[in-house]
Colleague: 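Let me give you the structure first, and then I'll get to my questions.
Proteins get letters first, then strands, A, B, ... in listed order; numbering begins at 1 in each. Atoms considered below: every heavy atom in the structure, side chains included; atoms not considered: hydrogens, waters and symmetry mates.
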Amino acid sequence: MALKVYNTISGRKEDFTPVTEGKVKLYVCGVTVYDHCHIGHARSAIVFDTIYRYLCSKGFDATYVRNFTDIDDKIIKRSHAENIPWQEVGETYIRSFYEDMDALGVLRPNHEPRATEHIADMIDLVQALIDKGHAYNIDGDVYFSVDSFRNYGQLSGRPLEEMISGARVEVDEKKKNPLDFALWKASKEGEPSWDAPFGAGRPGWHIECSVMSTLYLGNPFDIHGGGKDLVFPHHENEKAQTEAATGKKFVNYWVHNGFVNIDREKMSKSIGNTLLIRDFLREYHPEVLRLFYLSNHYRSPVDYSGQSIEDINTALHRLYYTRERALEAQKGKTFEERSYPQADDIARKFTEAMDDDFNTALALSHVFELSKEINRMVDEKDESAVALIASAEAVYESLAATLGLLGDDLASLESREKVRHLARMGLDVSFVEDAINDRVEARKNKDFQKADEIRNMLADKGIMLLDTPKGTQWRIKTSVS
RNA sequence: GGCGGCAUAGCCAAGUGGUAAGGCGACGGUCUGCAAAACCGUUAUUCUCCGGUUCAAAUCCGGAUGCCGCCUCCA
C-alpha cells in the first residue's frame, strides 16, 4: 500500500512519490539556540523523528537534515543581556538541545548544519536574487521583493492583496512593499557581521534554510517540515526566495505539526506557561511525552494537562508490563520458531495506519491490541503457545521501536519513578526495605494485622507493595494526584 | 477585518459515505492470608444543534452555537 502524506500546500493527502525512487530527502526546521527547549519543541522533534523512523522502516534510504539557527536577533539580545559572546549563547543552547533530544530518544539527523557555517552560500544566494531583480539593496539592507514573485502566498493560501489589506505588518518606509522581507541586515554596532559584496551585515532568518536544505538535499527535495506557525512567513518566504533564484520547484511535500496548549491555553513565554523539556523529565519518563504526542494526530493541536499525562503514564506502563510478562513466559523454555498470523495481521494494520499520513494514534491502537493478545496467550499458560508468544512479542517490539517506544526496560522505567518519588517524599530506599522486611517477618508469623499496618503505612506515602512469588516488591502508585 | 481548524462515552482520543479504534477511569472476574499490582471481561444504538443530499452520513452540502489557531518573533 502506498504512503499518503498531507501536503500543506494543497490542503490534502497526496500519494507520496519521492524525487528519486527508494530515497527520501527530509528537511525540518530546527531551533533558534537562545534558550532551553520546551515541550512544544519536543513535539516537533518527536513527530519528525517518528516520521523519519517510519520512512526508514519502510526501506527508504532517508537523508534527514535539521538545522540550528545560531545567528539571530534573539541570540544577540541574549548575548548583550548576559554580557557573553553570541557564539557562546549558541554553544550553550546547542548543548542543552542535545541533552534534551538524546533523553527523549530523538535520533540524530544525518546532517545538522548551523547557519553560521553557510554564510558564504547565503551571500551567493542573496547576490543571485539581486542579479535577477528579485531583491533590492537599501542602505545595506537587502530585501526580497514579493511583487517580483508571482506565486507569493501560494503555500499559506493567501493572495498578496489580501495580506496587504489585512496587514498588521509594521510599515517600513524603506520597503517597496510592506511584505518585503530581509534577506540581509546591514551591519550594526555591537553585532556580528560578515563582509559581502552588497555590504557587511548578517543574514535574515529565512535565507539559511533555503541554502542549507538545497545544499544537502538537492532541488527540489521531498519533504520540508516544521511547526504550523512556520507556514507563514518563514516557509512562504523560503519558498519564494528559493524558487525565484532557481526557477525550479523548491519542495514537493510540506508537512507541519500542530501546536501544544497547556490546560487549553496557548503555551507562550508571555503567558508564562512554558514547560521546559528538562523540567518535564524530572517528573516523567521521556517515553511518556512521546506516547502522549503520538496518541494525537500530528496535525491537531494537543492539550497538555496533568491528568492526560498521568493517564498516558499508566498506559506506557501497560506496554512495558506486557513485554515483561511475554519475556517471563519464555524464560528457560526451548521451542521451535513459529510465526503467529494474528500478530502479522496486526502488523499489517499498523503499516496501513502509518501509511495514511502517519496516523500514529491509530497505529498505537493496534499495538495495544497486540498487547492484549499477548497477555491472553500468557494467561492461558499453555506450554505449546510459548513459540507463538515469542513470535508475537517480536512483532510487538518492532512496532513499538518504529514509534520510538519500549526503548528502555521496565526496571529502569520504574527505578526512575522510585528515585523521583522517594526524593519528593524525603525518604530513602532503606526505609522502604526495612519496612518490607518487617512485614515479611510478620507474615511468616501469620501476624497479618501487623503486616497490613505496614502496608497501609507505606501506601500513605504513595508506595504500594506487591506480594509476588519472587518475594515482596514495591512500586510507586502511578496516579497519585 | 481576512484566512483556517476543531466540536465523538465520565475524561483523553482515532475514524472524512457502509453501520463507532485505542488509552485512562468505573464496574465485574481471575489471583491473593486479605489486598494491591498485573491480567481478562463489560462499559457510545450513537458522534454540539437544525435542515438537506443519498439505498446508506460522525463522515458530503447549507445554516446556527461554542472553542481555538494564523495574519507579528514563535515548534
Colleague: Under a 3.5 Å cut-off for both distances, is B:rU30 Watson-Crick or wobble paired, and to whom?
Modeller: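 Pair assignment: B:rU30 / B:rA38.
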Colleague: Using the C1' atoms only, state how far B:rC47 lies from B:rA58, rounded to an integer number of Å.
Modeller: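 It comes out at 4 Å once rounded to the nearest Å.
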Colleague: Categorize A:Lys74 for me: base, sugar-phosphate, or nothing, with a 4.0 angstrom heavy-atom threshold over every strand shown.
Modeller: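 Answer is sugar-phosphate: A:Lys74 comes under 4.0 Å of backbone atoms only.
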Colleague: Please determine which of A:Trp254, A:Tyr27, A:Trp205 meets the ring-ring contact (aromatic ring centres under 6.0 Å, His included) test together with A:His235.
Modeller: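 Of the listed residues A:Trp254, A:Tyr27, A:Trp205, the ring-ring contact (aromatic ring centres under 6.0 Å, His included) partner of A:His235 is A:Trp254.
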Colleague: In whole angstrom, give me the gap between the P atoms of B:rA64 and B:rG1.
Modeller: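 So the two P atoms sit 14 Å from each other.
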Colleague: Is a donor-acceptor pair below 3.5 Å formed from side chain A:Ser365 to base B:rA21, judging by atom type as modelled?
Modeller: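 Check passes, donor-acceptor contact within cut-off.
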Colleague: Where each residue is assigned the nucleotide of RNA chain B containing its nearest heavy atom, which of A:Glu369 and A:Arg43 is assigned the position nearer the 5′ end?
Modeller: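 Checking each residue's closest nucleotide, the 5'-ward one belongs to A:Glu369.
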Colleague: Does any nucleotide pair with B:rA14 by Watson-Crick or G-U wobble geometry, both distances under 3.5 Å, and what is it?
Modeller: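 Its partner is none (no Watson-Crick or G-U wobble pair with both distances under 3.5 Å).
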Colleague: How far, in whole Å, is B:rG25 from B:rG15 if one measures between their C1' atoms?
Modeller: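 Nearest-Å result for B:rG15 against B:rG25 at atom C1': 22 Å.
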Colleague: Would you kindly give the CD1-to-C1' distance between A:Ile75 and B:rC73, to the nearest whole Å?
Modeller: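 Distance check: A:Ile75 CD1 to B:rC73 C1' gives 13 Å.
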Colleague: Taking the side chain from A:Arg43 and the backbone from A:Phe259, do they hold a donor-acceptor pair closer than 3.5 Å?
Modeller: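 Side chain of A:Arg43 to backbone of A:Phe259, a donor-acceptor pair under 3.5 Å: yes, one is there.
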Colleague: I need the single residue from A:Glu208, A:Arg66, A:Met212 that forms a side chain to side chain contact (heavy atoms under 4.5 Å, CB included) with A:Pro113. Which is it?
Modeller: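 Exactly one candidate clears the test, A:Met212.
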Colleague: Can you list everything that forms a side chain to side chain donor-acceptor pair (under 3.5 Å) with A:Asn375? Sequence neighbours excluded, please.
Modeller: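 With sequence neighbours excluded, A:Asn375 shows a side chain to side chain donor-acceptor pair (under 3.5 Å) to A:Thr322, A:Arg325, given in chain and number order.
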Colleague: May I ask you to check whether A:Phe250 and A:Phe221 place their ring centres under 6.0 Å from each other?
Modeller: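 Judged by ring-centre distance (under 6.0 Å), A:Phe221 and A:Phe250 do meet the cut-off.
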Colleague: Assign the ring pair A:Tyr98 / A:Phe68 to parallel, tilted or perpendicular, where the plane angle (0 to 90°) is split at 30° and 60°.
Modeller: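 Perpendicular, since the angle between the ring planes exceeds 60°.
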Colleague: Centroid distance below 5.5 Å plus an interplanar angle below 30 degrees: do A:Phe259 and B:rA75 meet both conditions?
Modeller: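 Stacked: centres under 5.5 Å apart, planes under 30°.
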Colleague: To the nearest angstrom, how far is A:Phe68 atom CZ from B:rA75 atom C1'?
Modeller: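 One finds 14 Å between C1' of B:rA75 and CZ of A:Phe68, rounded.
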Colleague: How many whole angstroms separate atom NE2 of A:His235 from atom P of B:rA75?
Modeller: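 In whole Å, B:rA75 P lies 11 Å from A:His235 NE2.
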Colleague: Just to be sure I understand the geometry, which residues of residues 101-108 of chain A put a non-hydrogen atom under 4.0 Å away from RNA chain B?
Modeller: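 Under 4.0 Å from RNA chain B: no residue of residues 101-108 of chain A.
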Colleague: If I take atom CG in residue A:Asn273 and atom P in nucleotide B:rC74, what distance separates them, rounded to the nearest angstrom?
Modeller: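 About 19 Å, once rounded to whole Å.
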Colleague: Less than 6.0 Å separating the ring centroids of A:His224 and A:Tyr253?
Modeller: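 A:His224 vs A:Tyr253: aromatic centres not under 6.0 Å.
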Colleague: Are A:Tyr152 and A:Asn237 close enough, and set up right, to give a side chain to side chain donor-acceptor pair (under 3.5 Å), and what steps lead you there?
Modeller: CA-CA 8 Å; A:Tyr152 194 77; A:Asn237 292 352; 2.5 Å; yes
Colleague: What is the distance, rounded to the nearest whole Å, between atom CD1 of A:Ile76 and atom P of B:rC73?
Modeller: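 Checked: the CD1 to P distance equals 15 Å.
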Colleague: When you check the gap from the basic side-chain N to the acidic O, do A:Lys239 and A:Glu236 get nearer than 4.0 Å?
Modeller: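 Judged by the 4.0 Å cut-off on N to carboxylate O distance, A:Lys239 and A:Glu236 do not form a salt bridge.
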Colleague: Students often mix this up, so state it plainly: with edges at 30° and 60°, are the rings of A:Tyr321 and A:His317 parallel, tilted or perpendicular?
Modeller: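 The arrangement is tilted - the two ring planes meet at 30° to 60°.
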Colleague: Listing time: all N or O pairs from protein to nucleotides 32-34 of chain B that are below 3.5 Å?
Modeller:
{"residue": "B:rG33", "atom": "N7", "partner": "A:Arg443", "partner atom": "NH2", "Å": "3.3"}
{"residue": "B:rG33", "atom": "O6", "partner": "A:Arg439", "partner atom": "NH2", "Å": "3.3"}
{"residue": "B:rG33", "atom": "N1", "partner": "A:Asp452", "partner atom": "OD1", "Å": "3.1"}
{"residue": "B:rG33", "atom": "N2", "partner": "A:Asp452", "partner atom": "OD2", "Å": "2.9"}
{"residue": "B:rC34", "atom": "N3", "partner": "A:Arg455", "partner atom": "NH2", "Å": "2.7"}
{"residue": "B:rC34", "atom": "N4", "partner": "A:Arg455", "partner atom": "NH2", "Å": "3.1"}
{"residue": "B:rC34", "atom": "N4", "partner": "A:Asp467", "partner atom": "OD2", "Å": "3.2"}

Colleague: Rounded to whole angstrom units, what separation is found between the CD atom of A:Glu265 and the P atom of B:rC67?
Modeller: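 My rounded result for the distance is 15 Å.
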Colleague: How far apart are the C-alpha atoms of A:Ser384 and A:Asp382, what are their side-chain angles, what is the distance that settles it, and do they pass the side chain to side chain donor-acceptor pair (under 3.5 Å) test?
Modeller: CA-CA 5 Å; A:Ser384 65; A:Asp382 175 0; 2.8 Å; yes
Colleague: Do NZ/NE/NH1/NH2 and the carboxylate oxygens of A:Lys450 and A:Asp438 come within less than 4.0 Å?
Modeller: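 Here A:Lys450 does not pair with A:Asp438 in a salt bridge, since their nearest N and O are not under 4.0 Å apart.
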Colleague: Work out how far the P atom of B:rC67 is from that of B:rU72, and round it to whole angstrom.
Modeller: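 These two P atoms come out 25 Å apart once rounded.
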Colleague: How far apart are the C-alpha atoms of A:Asn437 and A:Glu433, what are their side-chain angles, what is the distance that settles it, and do they pass the side chain to side chain donor-acceptor pair (under 3.5 Å) test?
Modeller: CA-CA 6 Å; A:Asn437 288 337; A:Glu433 284 174 352; over 6 Å; no
Colleague: Measure from CG on A:Asp263 to C1' on B:rC67 and round the result to the nearest Å.
Modeller: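 Roughly 15 Å, once rounded to whole Å.
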Colleague: Could you tell me if the ring centre of A:Tyr396 sits under 6.0 Å from that of A:Tyr340?
Modeller: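 Ring centres of A:Tyr340 and A:Tyr396 not closer than 6.0 Å.
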Colleague: Can you tell me, in whole Å, how much space there is between the P of B:rG51 and that of B:rA57?
Modeller: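 Comparing P positions in B:rG51 and B:rA57 gives a spacing of 15 Å.
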Colleague: In this structure, how many angstroms lie between the P atom of B:rG69 and the CE atom of A:Met267, rounded?
Modeller: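 Those two atoms, CE and P, are 13 Å apart.
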Colleague: Atom pairs under 3.5 Å, N or O on each side, protein against nucleotides 6-9 of chain B: can you list them with distances?
Modeller:
none

Colleague: Return the nucleotide paired to B:rA20: Watson-Crick means purine N1 to pyrimidine N3 with N6-O4 or O6-N4, wobble means G-U with N1-O2 and O6-N3, both under 3.5 Å.
Modeller: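 WC or wobble partner does not exist here.
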Colleague: Aromatic rings A:Phe144 and A:Phe181: how do their planes relate, parallel, tilted or perpendicular, breaks at 30° and 60°?
Modeller: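 A:Phe144 vs A:Phe181 ring planes: parallel.
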Colleague: Given that both distances must come in under 3.5 Å, which nucleotide forms a Watson-Crick or G-U wobble pair with B:rG25?
Modeller: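 Looking at the geometry, B:rG25 pairs with B:rU43.
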Colleague: All N/O contacts under 3.5 Å from nucleotides 13-19 of chain B to the protein, with atom names and distances to one decimal?
Modeller:
{"residue": "B:rA13", "atom": "O2'", "partner": "A:Ser295", "partner atom": "O", "Å": "3.4"}
{"residue": "B:rA14", "atom": "OP1", "partner": "A:His297", "partner atom": "N", "Å": "2.8"}
{"residue": "B:rA14", "atom": "O3'", "partner": "A:Asn359", "partner atom": "ND2", "Å": "3.2"}
{"residue": "B:rG15", "atom": "OP1", "partner": "A:Asn359", "partner atom": "ND2", "Å": "3.2"}

Colleague: Set out, line by line, the N/O atom pairs under 3.5 Å between protein and nucleotides 39-44 of chain B.
Modeller:
{"residue": "B:rC39", "atom": "O2'", "partner": "A:Asp379", "partner atom": "OD1", "Å": "3.4"}
{"residue": "B:rC39", "atom": "O2'", "partner": "A:Asp379", "partner atom": "OD2", "Å": "2.1"}
{"residue": "B:rC40", "atom": "OP2", "partner": "A:Arg318", "partner atom": "NH2", "Å": "3.3"}
{"residue": "B:rG41", "atom": "OP1", "partner": "A:Arg376", "partner atom": "NE", "Å": "3.4"}
{"residue": "B:rG41", "atom": "OP1", "partner": "A:Arg376", "partner atom": "NH2", "Å": "2.5"}

Colleague: Find the partner of B:rC3: check Watson-Crick (N1-N3 plus N6-O4 or O6-N4) and G-U wobble (N1-O2, O6-N3) distances, both under 3.5 Å, and reply none if neither fits.
Modeller: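 Answer to the pairing question: B:rG69, which forms a Watson-Crick or G-U pair with B:rC3.
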Colleague: So which of A:Asp141, A:Asp73, A:Asp72 actually passes salt bridge (charged side-chain N to carboxylate O under 4.0 Å, His left out) with A:Arg202?
Modeller: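 For A:Arg202, the salt bridge (charged side-chain N to carboxylate O under 4.0 Å, His left out) check succeeds only for A:Asp73.
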Colleague: What's the closest nucleotide to the A:Trp205 side chain, out of B:rA75, B:rC74, B:rG23?
Modeller: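 Given the options B:rA75, B:rC74, B:rG23, the side chain of A:Trp205 is closest to B:rC74.
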Colleague: Does B:rG51 pair with anything, Watson-Crick or G-U wobble, both distances under 3.5 Å, and if so, with which nucleotide?
Modeller: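 By the stated definition (distances under 3.5 Å), B:rC61 pairs with B:rG51.
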Colleague: Do NZ/NE/NH1/NH2 and the carboxylate oxygens of A:Lys349 and A:Glu369 come within less than 4.0 Å?
Modeller: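 Yes.
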Colleague: Students often get this wrong, so: under 4.0 angstrom with heavy atoms, is A:Leu291 touching a base, only sugar-phosphate, or nothing?
Modeller: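 Contact class for A:Leu291: none.
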Colleague: Are the charged groups of A:Glu373 and A:Arg376 less than 4.0 angstrom apart, N to O?
Modeller: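 Looking at A:Arg376 together with A:Glu373, the answer is yes, because their closest N to O distance falls below 4.0 Å.
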Colleague: Any side-chain N or O of A:Lys266 under 4.0 Å from OP1/OP2 of B:rC70?
Modeller: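 Yes, because at least one side-chain N or O of A:Lys266 sits under 4.0 Å from OP1 or OP2 of B:rC70.
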